Amino acid sequence: MRIEPAEVAIVGGGLAGSALAARLAGSGHEVVLIERLASWHWRAAGVFASPAALAMLREGGLDPATIEAVARPIPAMRVETGQGTAFRLTYGTEAGGEPAVGFDRSRLDPALLDLADRAGADVRRGWTATEVDLTSGRLVLRGPDGEAAEVLARVIVGADGPRSIVARAAGVARPSRLGPRLGLTWHQPVPAPDLPRDARMCLIRDGYVGVAPVPGGRVNIGIVLGRSWHGQVARRGGRLVADAIVAAIPSNEDEPAGWRSGRPLDPLVGAWPLGHRVTRRAGPGWLLVGDAAGFLDPFTGEGIHRALVSAELAATAIHAQGQGRPAALEGYERAMHRRFLAKDVVSTIVQGFLARPAAFEYAARRIARRPALRSTLGLVMGDLTAASRAVDPRYLAALLAP
């Protein structure tokens, strides 16, 4: 087994891992990026994001032509309750801001991997980390042809999602406090040329369905199901349950014509359990970024933006450590805490309402009737203003008052 030294080893070539590798390699750091897939294929992943994610991609070095190709503008997210109440979150477009977007992950993910490659990172496609020792900075890798290698790194970064081998090695992985939930997702074709359309978030019994237009004449379907659905999925299969759920979604005058009747464009893929958490995101010689650093729920569409922000903050910390600041990695933990604590509180409150349909209906009716509340919520969900605004007692009083 050959032994290779590296300054930084990143496990996982998704959005966070690739963005981090590109930032570090572009600043002169020696980076090895390990991505287990030899080529891209569809897996459970977010596609809807606020305009803040676009800003992060531009800042991270993705060129305008690529961004235009991978992102489709979405005027608003239309939230619909089971009793027919609906409201639109526009994420600041009424004030002249950019719209939200639906991403083509089949093009965005490879584009960021290529960006890391061009920046000078050693991108290992088709390689898997089989063993991690954070004390020594040792990674054991298996290549696509069965060959083995060992990397000794000053910093190991887990960017490998909810089942991160780095998080397990650090002993920080924990189950989600929201309980076991199942995610199902795939793409459907849109038969006719399509105009910009809203995304939809439709509440159902013990779950919800997201429908987001993405580039290439498609919509992405994402379904999140609570515990009461799990037996039915086990008995009937995910495909039959998902098709029945989609068929029951009320028609909307803005939805693309014929999207429900087309043949699915990719296999239905699932995520189980959907959420997870970590007790820490950094320690001596290691960091966690993206979903490996914890994931609550896709309802607020925050996963892509958070992944890109975590890559930016991690790059700053690793660079600072390389400049002689040994406590810089612990500073990443504090930076993430400051950046997302209030947003996590907001997301937890949203989940509390989702778990109580009557309470969510009560709040939804008030949001639908009160433009100021709706505007603030959209800006907070879109990471375009401080999340603390949505937990301000004055905002909550205005939301809950009859």
Side-chain angles (χ1 to χ4, degrees), residues 4-43 45-47 49 52-72 101 103-129 139 141 143-145 149 151 153-161 166 214-216 287 289-292 303-323 332:
E4 307 171 20
E7 183 182 359
V8 182
I10 302 172
V11 182
L15 299 186
S18 297
L20 175 58
R23 286 178 179 271
L24 289 174
S27 298
H29 294 274
E30 181 188 34
V31 181
V32 176
L33 175 61
I34 300 128
E35 167 51 43
R36 65 181 179 85
L37 296 179
S39 59
W40 187 92
H41 67 75
W42 172 242
R43 52 187 170 183
V47 302
L54 283 181
M56 293 300 301
L57 288 171
R58 294 188 188 104
E59 184 185 334
L62 207 60
D63 63 274
T66 299
I67 290 175
E68 184 176 358
V70 303
R72 171 183 172 141
V101 293
F103 282 115
D104 179 354
R105 295 296 296 266
S106 70
R107 301 177 71 179
L108 175 61
D109 293 38
L112 281 177
L113 261 183
D114 289 343
L115 181 67
D117 205 350
R118 293 195 303 272
D122 178 4
V123 178
R124 309 278 184 91
R125 293 174 173 86
W127 286 76
T128 303
L139 279 171
L141 309 179
D145 297 321
V151 173
R154 179 171 62 81
V155 179
I156 294 177
V157 180
D160 46 339
V166 179
V214 297
L287 296 174
V289 297
D291 288 352
I304 294 175
H305 176 254
R306 186 176 298 218
L308 298 172
V309 171
S310 70
E312 177 190 40
L313 296 177
T316 299
I318 292 170
H319 183 72
Q321 189 198 55
Q323 296 296 308
Y332 166 76

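The model shown is predicted, which means the values in this text are computed figures rather than measured ones. Numbering of residues begins at 1 and proceeds along the displayed sequence.
- With sequence neighbours excluded, the residues satisfying side-chain contact (heavy atoms from CB on, under 4.5 Å) with Ser310 are Ala16, Val289, Tyr332, Met336.
- Residues that satisfy the side-chain contact (heavy atoms from CB on, under 4.5 Å) test with Pro144, not counting sequence neighbours, are Trp127, Glu147.
- Legend: residues meeting side chain to side chain donor-acceptor pair (under 3.5 Å) with Arg154, ordered by chain and number and at least two apart, are Glu7, Gln321.
- Note on residues 307-320: no pairs pass salt bridge (Lys or Arg N to Asp or Glu O under 4.0 Å), not counting sequence neighbours.
- Using modelled atom types, no side-chain atom of Arg105 and backbone atom of Trp42 make a donor-acceptor pair closer than 3.5 Å.
- With sequence neighbours left out, Thr66 forms a side chain to side chain donor-acceptor pair (under 3.5 Å) with Asp63.
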Under 3.5 Å, which donor-acceptor pairs link side chains of residues 114-124 to any protein atom two or more places apart or in another chain?
| unit_1 | atom_1 | unit_2 | atom_2 | d |
| --- | --- | --- | --- | --- |
| Asp114 | OD1 | Arg125 | NH2 | 3.0 |
| Asp122 | OD1 | Arg124 | NE | 3.2 |
| Asp122 | OD2 | Arg124 | NE | 2.9 |
| Asp122 | OD2 | Arg124 | NH2 | 3.0 |
| Arg124 | NH2 | Glu4 | OE1 | 2.4 |

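- Distance check: Leu54 CG to His305 NE2 gives 10.5 Å after rounding to the nearest 0.5 Å.
- With sequence neighbours excluded, the residues forming a side-chain contact (heavy atoms from CB on, under 4.5 Å) with Ala69 are Arg107, listed by chain and number.
- Going from atom CD1 of Ile34 over to atom CG of Asp160 covers 9.5 Å, rounded to the nearest 0.5 Å.
- Note: Leu313 CG to Leu308 CG = 11.0 Å, rounded to the nearest 0.5 Å.
- To the nearest 0.5 angstrom, Phe103 atom CZ is 8.0 Å from Leu15 atom CG.
- Counting only residues at least two apart or on different chains, the ring pair (Phe, Tyr, Trp, His ring centres under 6.0 Å) pairs with a member in residues 7-36 are His29-His319.
- Checked against side chain to side chain donor-acceptor pair (under 3.5 Å), Glu59 has no partners two or more places apart in sequence or in another chain.
- Counting only residues at least two apart or on different chains, no side-chain hydrogen bond (donor to acceptor under 3.5 Å, both in side chains) pair has a member in residues 31-40.
- Evaluation of the side chain to side chain donor-acceptor pair (under 3.5 Å) rule for Ser106 yields Asp104 as partners, not counting sequence neighbours.
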Please list every donor-acceptor pair under 3.5 Å in which a side-chain atom of residues 19-27 meets a protein atom from a residue at least two apart or in another chain.
| unit_1 | atom_1 | unit_2 | atom_2 | d |
| --- | --- | --- | --- | --- |
| Ser27 | OG | Arg23 | O | 3.1 |

